[in-house]
Novice: 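Below you'll find the structure I mean.
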Amino acid sequence: FQDQAEQFFRSGHTNNWAVLVCTSRFWFNYRHVANTLSVYRKWLKWCCLIFHSHIVLMLADDMACNPRNPKPATVFSHKNMELNVYGDDVEVDYRSYEVTVENFLRVLTGRIPPSTPRSKRLLSDDRSNILIYMTGHGGNGFLKFQDSEEITNVELADAFEQMWQKRRYNELLFIIDTCQGASMYERFYSPNIMALASSQVGEDSLSHQPDLGIGVHLMDRYTFYVLEFLEEIHPASQTNMNDLFQVCPKSLCVSTPGHRTDLFQRDPQNVLITDFFGSVRKVEITTETISLDGDLAGFESK
Amino acid sequence: MAAAAAMVGDEAERARGRRAALSFAAIAVVLGLPLWWRTTETYRAALPYAGIEGLGRLPLAVPVAVVFAPRSVPGDLPRPLPFTDVQEMDIAVNLRTSVTARYETAYRSTTAQEEAALDVATAQEADAGLHLLQDALLGALTVYVVPETSPLLPQGISVYVGKHRSALVRAGGGLATLRTRLQQLTQVMSFTSSSIAAALSDRLPDGQLGPDARRHLKSSLGYEITFSLLNPDPKSHTVDWDIEDAVNRYVQPVLDKLSLLANFSVDSQILYYAVLGVTPRFDKESSSFLLSAHSLPHVINPVEARLGSSAASLYPVLNFLLYVPERSHSPLYIQDKDGAPVSTNAFHSPRWGGIMIYNVEAPASPQASLPLHVDVDMVRVMEVFLAQLRLLFGLSREELPPEFLLESPGNEGLADWELDRLLWTHTVENIATVSTTLTSLAQLLDKIGNIVIKDDVASEVYRAVATAQSAVDELAMGHLHSAFQASKEAVTSSERAFFDPSLLHLLYFPDDQKFAIYIPLFLPMAVPILLSLAKIVREARQQRKEPTKMD
């Protein structure tokens, strides 16, 4: 208990949040939705360690109810339709045309109209560790939203800086699975950000496996191997970030995954995967009680 | 003759042409450029940057009154009573922020009424009597020095801290001992340098803070308290808890006292079939089930998913759960890290809430019909929950010098001076938050040139600066109540200004995109003007070279 307590103080966070964004529309971008939903599912599988209210899920298109889906109400992430990641309890916070660059930046910076419900807000504080996962089509320095607009790496870096200024995160892990993904984290300048990308500038990220029954590719390689790696993690595991950086070497992924840790204050060796992919609370035994007088309570007034 | 006239006409024509070209160019530059600049700049209202800078210093003044009962005056006072003394203490935070604590101590002797109030049997009665005589402001302390042989303080105790804002100190040892005790007392009853540092935690680098800094609830305008009863085994237990009555009797007085600090809303719920995330293990020696300390962090999560919270409110939520274990896992006890059972059978998580396990006694006869009816003893439960509420706010009574005796606050839940402690730290935290928010807003607006600053955002910023300044001034004078109110208003205004939805920066335009937009508009217009200007310059040069040819 003492060791765990010490470790907890080292990371300094008390709660976890996640923002998962899929930015592509159209049926042939099925794999991006499946990527995002698989990452979403990974948390809930861990016995609700991060629960719906702490995840902001943005899906730019509806694959489960798409008229071209031969298996309606399902989104599969594995060949031979082994795992339906669109179960009964998926809560999509921003759907379809609500996934825009403006809404994404509003969620990150907190400049949301007052009428927005609680589930659509990122209510993190200075003790929150946030995971941001983005997937879609990208290029050198930009990420395409909805096939009609882009978010540039400068805007993203500015948004993170605004989050830092208002202390909306303790530590931030940014994972991006797009072509030339490494260009998106080049411009970050705020402290305590660690970034992972599926490919370097000039390289494309490739998809993993097509499914002949559904007719599209089901997942992207990088996300597939990252999730395979996360299968072996359990809430008390001590695996650190350096292991995550080794996931998906060039032989499997064809592209070269990249990472950036210079802005992060702690050594990646000491950062546990569960710092971002799980939620373990710090507890203290209650040793004090107060004494209440059961009889007098009715008569005592201030 | 005609040729000369034609040449003069030509000359006049060319001169007019030159004047026309020059006037086009002049109008384009003098009128056009400024007009274009004004119509394309973003509207930015002025902000009080200087005022924002000036919120770095925090002076805290604590008015202390030291009242000497007869025969308790130490021999070595520097001046005859009454006199005042000011002591300053610097709390170093960082380069930009400095906190100075000033203790304005007024020494005097007792009045006749105070002597009568002190002439009672016990310290509690004295405290109650003295409270009626004072009109103590929030944040002020009164210390009564009683003679060494006074019967009020029990043996071995030299300082008694009452429920309100006064304390009794045993005389003896001279002025130096008195001063030491006074210092300890003010540390207990108002603030310590570590509590101030914790309030300013987001300005300090991580290494300098103790673990305490991240434990206590952050200052907020309101808190939501939710009491939940978890019954995982409704087939075996029918649990009845009279929560409404308990809240009205025990919780409401405490919340009424804390209402100065924030708005509180209370709700309750019962959850069925909610199990803990950890399976307890059976211990043969005590024939009970045990939850060890290191499995406690994993207990909360599966339950938390089902707790829910109010959709409309954005205040932090404090959850208090009462868990009645299943019949197959009864009785269930929590072990601390040394393996000893915990007397309260409860644990809490900072900034979240607390859980208490309520064991149901096994029925007398094993043939008793299920489900068993259980009436929860709300007094026992509320004693633990209210204690956890105090701990979540940071009011702990643990680290005290041994000769101190603290009066229990009874059903009010917290003493007046504990409320003062919260007010001190929250006021400092609020002012620091306002300063950080406004500074970062100013930096942000400076850095990203194309964010529009509307008038109402600017007026919120002005209001935040003004109220924060008045909060700092009130703190310097020792008026804790008005300082706290002003700091709350300042926080509200600054948050409203910072999170205004209109402050989204326009999408990023790199320089090459700017050129791509303006060139097709301005180049066609500029080409004839530039060409004619070039022609004029060429002709002027030619004329200077051959002035004599016309002769």
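We name chains A, B, ... by the order of the sequence lines, and we start the count at 1 in each one.
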Novice: With only heavy atoms counted, which part of B:Arg380 is less than 4.5 Å from chain A, the side chain, the backbone, both or neither?
Specialist: neither
Novice: Just wondering, do B:Leu444 and A:Asp158 contact through their side chains at under 4.5 Å, heavy atoms?
Specialist: no
Novice: Quick one: what part of B:Met378 sits under 4.5 Å from any heavy atom of chain A, side chain, backbone, both or neither?
Specialist: neither
Novice: Roughly how far apart are A:Ile112 CD1 and B:Phe499 CZ, rounded to 0.5 Å?
Specialist: 10.0 Å
Novice: Between CG of A:Asn15 and OG of B:Ser349, what distance do you get to the nearest 0.5 Å?
Specialist: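 Result: 10.0 Å between the selected atoms.
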Novice: Could you state the interatomic distance from CG (B:Leu389) to CD1 (A:Ile290), rounded to the nearest 0.5 Å?
Specialist: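 B:Leu389 CG to A:Ile290 CD1: 9.0 Å, rounded to 0.5 Å.
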Novice: Can you tell me how far CD1 of A:Ile285 sits from OG1 of B:Thr344, rounded to the nearest 0.5 angstrom?
Specialist: 7.5 Å
Novice: With side chain to side chain contact (heavy atoms under 4.5 Å, CB included) as the criterion, how do A:Thr287 and B:Val342 come out once you've worked through the C-alpha distance, each side chain's angles and the decisive distance to 0.1 Å?
Specialist: CA-CA 7 Å; A:Thr287 46; B:Val342 175; 5.5 Å; no
Novice: Which bit of B:Phe385 comes within less than 4.5 Å of chain A, counting heavy atoms only: side chain, backbone, both or neither?
Specialist: neither
Novice: For A:Glu284 and B:Pro350, work out which heavy atoms get closest and say how close.
Specialist: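 Nearest heavy atoms, A:Glu284 then B:Pro350: OE2-CG, 3.8 Å.
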Novice: Which heavy-atom pair separates A:Arg118 from B:Tyr315 by the least distance, and what is that distance?
Specialist: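 Closest pair (atom of A:Arg118, atom of B:Tyr315, distance): NH2-O, 3.8 Å.
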Novice: Might you confirm whether atom OH of A:Tyr97 has over 12 heavy atoms from other residues, nucleotides or ligands at distances under 6.0 Å?
Specialist: no
Novice: Using ring-ring contact (aromatic ring centres under 6.0 Å, His included) as the criterion, list what pairs up with B:Phe393, not counting sequence neighbours.
Specialist: B:Tyr223
Novice: Is a donor from one side chain sitting under 3.5 angstrom from an acceptor on the other, for B:Gln388 and A:Thr286?
Specialist: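 Yes, A:Thr286 and B:Gln388 have a side-chain donor paired with an acceptor closer than 3.5 Å.
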Novice: Got A:Val283 and B:His348 here, is their nearest side-chain heavy-atom distance under 4.5 Å?
Specialist: no
Novice: Determine whether B:Asp500 and A:Arg111 make a side-chain contact, defined as any pair of heavy atoms from C-beta on separated by less than 4.5 Å.
Specialist: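 No, too far: nothing below the 4.5 Å cut-off.
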Novice: Just jot down the side-chain contact (heavy atoms from CB on, under 4.5 Å) partners of A:Gln165, sequence neighbours excluded, or say none.
Specialist: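 Only A:Glu161, B:Ser440, B:Gln443 meet the side-chain contact (heavy atoms from CB on, under 4.5 Å) criterion with A:Gln165.
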Novice: Sort B:Gln252 into side chain, backbone, both or neither according to what part of it lies under 4.5 angstrom from a heavy atom of chain A.
Specialist: neither
